[in-house]
Amino acid sequence: MNGSFANCPEWLAELIVNSGGSVSFHQYMDWALNHSEYGSYSSGSLKLGTKGDFVTSPSLGPDFAALLARQVVDWLEQLQQENFNNLPLSLIEIGPGEGDLAFDLIQELEQISPEITKRLELILVDINQGMIKRQKERLSNICKVPIRWLSLDELAENPVIGVILAHEMLDALPVERIILRNNMLFRLGVKLEAINSHSLLSFDELPISSSLLDSLLELENEVGIKIPPDGASDGWSSELHIDMNQWLDKVSKTLIYGSLLIIDYALEATRYYNNSRQSGTMMSYKNQYASSDLLKDPGFCDLTSHLCLETLLYYAQKNKWLLLGHTRQGLALLALGLAERLNSLQKLSSEQLDIALSRRESLLRLVDPAGLGEFRWLAFEVNNQEDYIKSNIGLKTRFLTEPDN
Ligand SMILES: C[S@@+](CC[C@H](N)C(=O)[O-])C[C@H]1O[C@@H](n2cnc3c(N)ncnc32)[C@H](O)[C@@H]1O
């Protein structure tokens with residue numbers, strides 16, 4: 001890890017110099033993705049989809065949203081039954097990327113339940129202007145439901161009743177990286193070096209901060225996750241999602257009552273913080289190419305890491321989220337009717353053979369156990385009503401049931 005150097009763009013060199021020549025990996029990742037002018041999401045340089053830098057399930061076509069819509073309608077109908085003085089129902093997406101999921105979901109919801117759609121508003125939350133601009137373009141033709149773009153803080157000031165989706169958003173949260181050196185833990189940083197009058201980036205090993213140590217201790221004492229694991233060798237490194245606790249806290253305050261569905265890459269702690277996983281899970285993506293070179297082309301690549309399942313569950317319950325359940329995407333989509341959808345492709349006419357084949361391929365990709373099918377779907381609910389009685393809650397969650405035969 002110490003040996004790699006990468007060219008540093010001028011904007012980043014200036015920021016690092018102004019910060020004393022070295023910054024935490026967390027700060028580096030935040031700038032590389034979210035810096036207001038140069039970050040890969042905020043500048044809009046990163047594109048999602050088969051013709052972009054990387055694909056996500058919704059960017060493969062509308063089938064993913066069509067299946068997910070069944071779950072969203074189920075939850076919204078349950079919320080509607082609670083009446084809430086005819087307050088609108090909200091569908092909130094955090095981190096909507098190109099806006100594909102929101103766009104396709106709204107079309108499908110209109111088909112499945114025009115009644116719910118009449119009472120629905122769409123709220124999109126993104127921190128990056130470059131993405132918001134593209135979402136506005138993508139969604140400009142939707143006129144059946146009102147759309148608002150809000151920050152989590154704005155939403156928390158006027159909480160709503162509804163369903164929140166966070167699809168491949170948490171994996172973009174900046175992480176702290178730690179490294180084991182001579183039996184001591186260090187905080188990984190990124191520093192600037194001038195070599196032959198070139199500004200180069202390389203990794204740095206900084207003293208561990210007290211807040212990081214506190215997080216590690218909390219995870220060990222409360223969840224039993226030992227980081228580093230016993231037997232980890234010199235140079236072992238991994239990531240910590242230190243912003244996840246605060247994110248779950250903020251999100252829980254945006255709902256009066258409703259559910260949160262997180263869909264993302266996640267690993268059990270024993271697989272994540274394992275001594276055979278020498279350098280964590282972080283990857284960089286650009287032009288459909290995955291690389292472990294995390295310092296290359298900052299501001300033009302995606303940087304992403306898996307979530308730790310138990311850490312997420314722990315922070316969720318700490319912030320009033322009640323777990324409804326979790327499963328892998330393959331099983332979730334089967335429970336929502338993927339097999340029938342695959343079968344229905346046979347009904348397409350022979351002129352539509354190309355469409356049928358490409359949809360078939362996308363559907364199979366969504367459940368491929370070696371790819372997107374391995375994603376985790378985690379459902380939670382929160383109830384902030386004053387008269388809320390704990391024993392009376394529990395939104396029924398269709399994707400956790402056995403698939404229909
Ligand atoms: C990997 S893309 C996911 C896009 C989309 N959900 C999909 O699956 O196609 C991550 C998205 O999350 C946004 N994002 C990153 N950090 C965020 C945060 N803290 N709050 C809200 N959005 C965020 C990015 O700007 C981008 O739109």
Side-chain angles (χ1 to χ4, degrees), residues 26 29-65 67-68 72 91-105 122-139 148-156 163-175 241-251 253-254 260-265 282-286 288 290 299-307 329 362 365-366 371-372 375-377:
H26 179 276
M29 182 170 171
D30 195 21
W31 281 335
L33 297 181
N34 306 317
H35 181 275
S36 57
E37 209 176 332
Y38 301 105
S40 48
Y41 281 121
S42 37
S43 71
S45 77
L46 206 60
K47 305 238 169 10
L48 282 70
T50 47
K51 296 196 179 110
D53 293 289
F54 61 98
V55 294
T56 60
S57 298
S59 70
L60 288 175
D63 282 304
F64 178 78
L67 290 164
L68 176 56
V72 172
L91 173 61
I92 301 140
E93 191 186 354
I94 309 181
E98 306 287 346
D100 290 330
L101 183 59
F103 181 88
D104 291 329
L105 269 176
L122 178 64
I123 299 176
L124 299 178
V125 179
D126 205 307
I127 56 168
N128 290 307
Q129 288 307 320
M131 300 312 293
I132 292 178
K133 185 166 173 267
R134 296 222 292 277
Q135 290 153 21
K136 289 189 169 164
E137 285 161 11
R138 178 85 168 103
L139 295 161
R148 300 191 277 161
W149 275 262
L150 293 177
S151 68
L152 284 182
D153 288 330
E154 286 166 333
L155 199 49
V163 173
I164 302 182
L165 304 174
H167 183 275
E168 276 213 51
M169 181 257 128
L170 280 170
D171 63 48
L173 279 187
V175 290
H241 283 87
I242 50 144
D243 297 336
M244 195 187 272
N245 188 24
Q246 199 193 13
W247 185 84
L248 284 156
D249 172 41
K250 269 193 185 176
V251 179
K253 295 184 172 130
T254 65
L260 163 68
L261 174 59
I262 293 174
I263 305 179
D264 226 311
Y265 317 87
M282 282 226 65
M283 296 297 279
S284 156
Y285 289 88
K286 183 175 165 58
Q288 309 288 339
F300 290 94
C301 301
D302 187 26
L303 291 173
T304 169
S305 66
H306 285 46
L307 310 178
Q329 172 153 305
S362 300
R365 270 183 89 175
L366 293 176
L372 297 170
F375 268 50
R376 304 301 173 104
W377 287 37

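Order of appearance sets the numbers: ligands from 1, and atoms from 1 within every ligand.
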Atoms in ligand 1 with a heavy atom of [X] nearer than 4.0 Å:
X    : result
V125 : 21 (C), 22 (N)
N128 : 24 (C), 25 (O)
P96  : 4 (C), 5 (C)
F54  : 1 (C)
E168 : 1 (C), 2 (S), 3 (C), 8 (O), 10 (C)

Passing candidate, side chain to side chain contact (heavy atoms under 4.5 Å, CB included) with S42, options D126, N128, L33:
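Of D126, N128, L33, side chain to side chain contact (heavy atoms under 4.5 Å, CB included) with S42 is met by N128 alone.
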Working to the nearest 0.5 Å, report the span between CG of L101 and CG of L124.
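Here the interatomic distance stands at 10.0 Å.
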Distance in Å, H26 NE2 paired with I242 CD1, rounded so as to fall on 0.5 Å steps
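Taking NE2 in H26 and CD1 in I242, the distance rounds to 4.0 Å.
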Using heavy atoms and a threshold below 4.0 Å, how should the contact between [X] and ligand 1 be classified: side chain, backbone, both, or neither?
X   : value
S42 : neither
T56 : side chain
L48 : side chain

When you measure from the heavy atoms of [X] to every atom of ligand 1, does any distance fall below 4.0 Å?
X    : value
D126 : yes
E93  : yes
S59  : no
D100 : no

For atom 16 (N) of ligand 1, what is the closest protein heavy atom, and at what distance to 0.1 Å?
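The answer is I127 CD1, 3.7 Å.
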Note the single closest protein heavy atom to atom 2 (S) of ligand 1, along with its residue, its atom name and the distance in Å.
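Residue, atom and distance for the closest contact: Y41 OH, 3.5 Å.
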Is the ring centre of F64 less than 6.0 Å from the ring centre of H167?
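Centroid separation for F64 and H167: below 6.0 Å.
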Which of the listed options, H167, Q135, M169, holds the heavy atom that is closest to atom 18 (C) of ligand 1?
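The nearest heavy atom belongs to M169.
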